[in-house]
Amino acid sequence: MLTSLILIAAAMPAPAPEKFIASSDRWSYTGTIQVYNSFADAVAGKNPRTAAISVPGRDGSLYLARNMGGEYGDYNAILTNWYATTNPDPSKKGFGNPNNKNEGFVQMYDADASNWKNQKAYWSRDKGTFTVEAKGMRASYPSVEDPGDYARLWNAGAPPASGEGTKGTFLRYEYKMVATGLAGAANSEGLIENTRNASSYSGYYRAIFQNESSRHPESNGFYVVSLTFGNGSWAVSNNVAQNDKFVSATVK
């Protein structure tokens with residue numbers, strides 16, 4: 001009996017590799033940040049150094065890719081859309097963009113998706129809604145170990161600082177993006193891909209960030225960030241947002 005079960009298990013095909021793309025800079029976010037002196041206090045929500053500080057409305061961007069191959073290397077990034085530009089020269093990133101500032105800025109940029117876990121993306125049965133979600137740990141700023149990671153967060157509650165004053169590590173994070181009003185259809189690879197932009201966006205980003213600035217030690221601490229995704233994008237209003245790209249074979 002045991003031999004037959006082993007043979008049956010061996011004959012079962014391995015599950016297909018998870019494959020998806022989620023790319024959008026047509027949404028916005030608001031939220032709060034609260035600062036603590038230790039990681040333990042940040043986790044427990046005790047002894048905060050600051051009251052909850054409101055994050056001003058900012059345009060958001062996400063680009064996530066998994067096992068797509070070809071031009072799409074694995075990628076895991078959620079950040080402020082600071083780069084959209086009204087300058088006819090596309091190399092002039094951030095020109096005229098009100099999001100191009102440290103206040104409210106967030107950047108979890110894991111260029112090889114090395115700190116991902118539990119990531120998944122799927123379509124609703126009517127193929128009108130796309131959901132992507134994941135968790136991760138230790139998304140950091142460039143180092144010998146992770147040269148493609150760029151983690152930054154507004155140093156809320158501290159004096160304004162340069163970009164270096166906002167660098168550090170997202171010790172833990174989780175996010176979920178839900179895009180609705182889509183129309184998914186099979187593409188040439190047999191995957192389901194959107195045929196129009198979403199009409200609405202929702203979701204969240206939650207994290208604990210350790211500020212590791214050396215030039216601005218007054219910014220050091222543990223920042224608990226809670227962002228809510230929504231509609232209302234400066235990039236969309238100014239016709240400088242890219243089209244959505246949502247691709248996955250999974251339907252739930």
Side-chain angles (χ1 to χ4, degrees), residues 12-25 27 29 31-33 39-40 42-45 60-70 72-80 106-125 127-141 143 145-153 168-180 182 184 189 191-194 198 200-210 222-230 244-252:
M12 293 179 63
E18 169 192 55
K19 298 177 68 172
F20 66 79
I21 296 173
S23 177
S24 178
D25 61 7
W27 51 281
Y29 64 84
T32 61
I33 293 174
F39 178 70
V43 172
S61 175
L62 82 163
Y63 179 74
L64 317 166
R66 180 71 168 170
N67 288 329
M68 291 297 296
Y72 301 106
D74 281 12
Y75 225 93
N76 174 29
I78 291 184
L79 65 154
T80 304
V106 61
Q107 182 169 277
M108 193 289 296
Y109 193 98
D110 176 18
D112 61 359
S114 61
N115 58 62
W116 239 354
K117 64 177 183 177
N118 300 332
Q119 67 282 342
K120 53 187 174 181
Y122 49 91
W123 286 95
S124 60
R125 293 192 177 277
K127 301 180 182 60
T129 299
F130 187 93
T131 301
V132 61
E133 54 187 294
K135 296 181 179 180
M137 300 178 66
R138 301 207 60 80
S140 63
Y141 205 75
S143 65
E145 294 80 13
D146 297 300
D149 290 1
Y150 298 88
R152 290 178 54 198
L153 180 72
T169 299
F170 286 102
L171 300 173
R172 60 170 66 169
Y173 64 89
E174 62 177 294
Y175 60 79
K176 183 175 185 177
M177 164 66 77
V178 181
T180 60
L182 298 164
E189 298 178 9
L191 302 172
I192 302 169
E193 183 171 351
N194 62 301
S200 184
Y201 306 86
S202 61
Y204 60 81
Y205 180 79
R206 300 167 186 155
I208 297 178
F209 178 85
Q210 182 178 6
F222 297 82
Y223 292 63
V224 175
V225 54
S226 178
L227 304 178
T228 299
F229 302 158
D244 288 337
K245 188 175 183 68
F246 297 116
V247 181
S248 175
T250 304
V251 175
K252 290 188 177 182

Straight-line distance of [X] [atom1] to [Y] [atom2], nearest 0.5 Å:
X: Phe130; Y: Ser124; atom1: CZ; atom2: OG; answer: 10.5 Å
X: Lys19; Y: Leu191; atom1: NZ; atom2: CG; answer: 5.5 Å
X: Ser226; Y: Ile208; atom1: OG; atom2: CD1; answer: 11.5 Å
X: Phe246; Y: Ile192; atom1: CZ; atom2: CD1; answer: 14.0 Å

Full working for side chain to side chain donor-acceptor pair (under 3.5 Å) between Glu133 and Tyr204 = CA-CA 9 Å; Glu133 54 187 294; Tyr204 60 81; 5.3 Å; no
Has the side chain of Asn67 got a donor or acceptor atom that lies under 3.5 Å from a matching backbone atom of Phe20?
-> no
Gln210 side chain vs Leu171 backbone, donor-acceptor pair below 3.5 Å | no
Is there a side-chain contact between [X] and [Y] (heavy atoms, below 4.5 Å)?
X: Val106; Y: Tyr29; answer: yes
X: Leu153; Y: Ile33; answer: yes
X: Asn118; Y: Glu174; answer: no
X: Asn76; Y: Arg66; answer: no
X: Val178; Y: Thr129; answer: yes

Provide the closest heavy-atom pair for [X] versus [Y] in the form atom of the first, atom of the second, distance.
X: Asp110; Y: Trp116; value: OD2-N, 4.0 Å
X: Phe229; Y: Met177; value: CD1-CE, 3.8 Å
X: Asn115; Y: Met137; value: CB-O, 2.9 Å
X: Arg138; Y: Thr169; value: CA-CG2, 3.7 Å
X: Glu193; Y: Trp123; value: C-CZ2, 3.9 Å
X: Trp27; Y: Ser61; value: CZ2-N, 3.2 Å

Assign the ring pair Tyr173 / Tyr175 to parallel, tilted or perpendicular, where the plane angle (0 to 90°) is split at 30° and 60°.
-> parallel
Would you kindly say whether Tyr141 and Tyr109 are connected by a side-chain donor-acceptor distance under 3.5 Å?
-> no
Mind running side-chain contact (heavy atoms from CB on, under 4.5 Å) on Leu62 and Val132 for me, showing each step along the way?
-> CA-CA 10 Å; Leu62 82 163; Val132 61; 4.1 Å; yes
